[in-house]
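Following: one structure in structure tokens, then a few remarks.
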Amino acid sequence: MLEHLKNRTRGNYGPGQCKFARLLERLDDTDRQILLDCMADRDNYSSHGIWQGLRAAGVQIGATSVNRHRDGMCPCGDDNA
């Protein structure tokens, strides 16, 4: 019944791409670096705060997407995440 789970492709079980990574691709170099610096600085920036800042700038992304990417729990490193 669950044999399809052994297949390491996403199929219809999700986008298979990290929404945060797609956001990074759309940003210009300066904004991308600012966002990456904030994501790397866990002492001064919370995931929720980063999400609020993105939303204030008009970026449509979910808080969970930001948090998953920051914690390495997104599909960026593995196609079956």
Side-chain angles (χ1 to χ4, degrees):
M1 176 172 73
L2 298 178
E3 292 83 7
H4 65 286
L5 294 177
K6 289 185 177 182
N7 185 358
R8 293 181 49 97
T9 60
R10 295 293 291 193
N12 292 326
Y13 302 106
Q17 296 178 341
C18 175
K19 293 177 185 178
F20 192 87
R22 286 187 286 178
L23 165 63
L24 288 172
E25 291 174 359
R26 293 192 315 261
L27 295 174
D28 64 36
D29 291 340
T30 301
D31 286 339
R32 183 181 310 109
Q33 192 58 55
I34 290 169
L35 183 52
L36 289 172
D37 290 345
C38 290
M39 291 287 281
D41 187 354
R42 288 182 177 266
D43 292 333
N44 294 304
Y45 297 95
S46 67
S47 295
H48 186 77
I50 293 169
W51 170 74
Q52 286 179 315
L54 290 169
R55 296 290 290 197
V59 176
Q60 299 296 314
I61 191 165
T64 302
S65 294
V66 174
N67 195 49
R68 283 183 183 160
H69 184 83
R70 195 176 208 192
D71 290 342
M73 300 298 292
C74 64
C76 283
D78 196 350
D79 64 358
N80 68 345

Across all chains, not counting sequence neighbours, the side-chain contact (heavy atoms from CB on, under 4.5 Å) partners of D31 are L27, D28, I34
With sequence neighbours left out, the residues meeting salt bridge (Lys or Arg N to Asp or Glu O under 4.0 Å) with D29 are R32
Hits for side-chain hydrogen bond (donor to acceptor under 3.5 Å, both in side chains) against S47, two or more places apart or cross-chain, chain-then-number order -> N67, R70
Residues at least two apart in sequence or cross-chain that pass salt bridge (Lys or Arg N to Asp or Glu O under 4.0 Å) with D71, listed by chain then number, are R42
ring-ring contact (aromatic ring centres under 6.0 Å, His included) pairs touching residues 19-46, sequence neighbours excluded, are F20-H69
Query raised in the report: Do M73 and M39 share a hydrophobic cluster, counting only Ile, Leu, Val, Met, Phe, Trp and Tyr and linking them when any side-chain heavy atoms are less than 4.5 Å apart?
Result: no
Value for CD (Q33) from SG (C38), rounded to nearest 0.5 Å, stands at 10.0 Å
side-chain hydrogen bond (donor to acceptor under 3.5 Å, both in side chains) filter on Q60, not counting sequence neighbours, yields R55
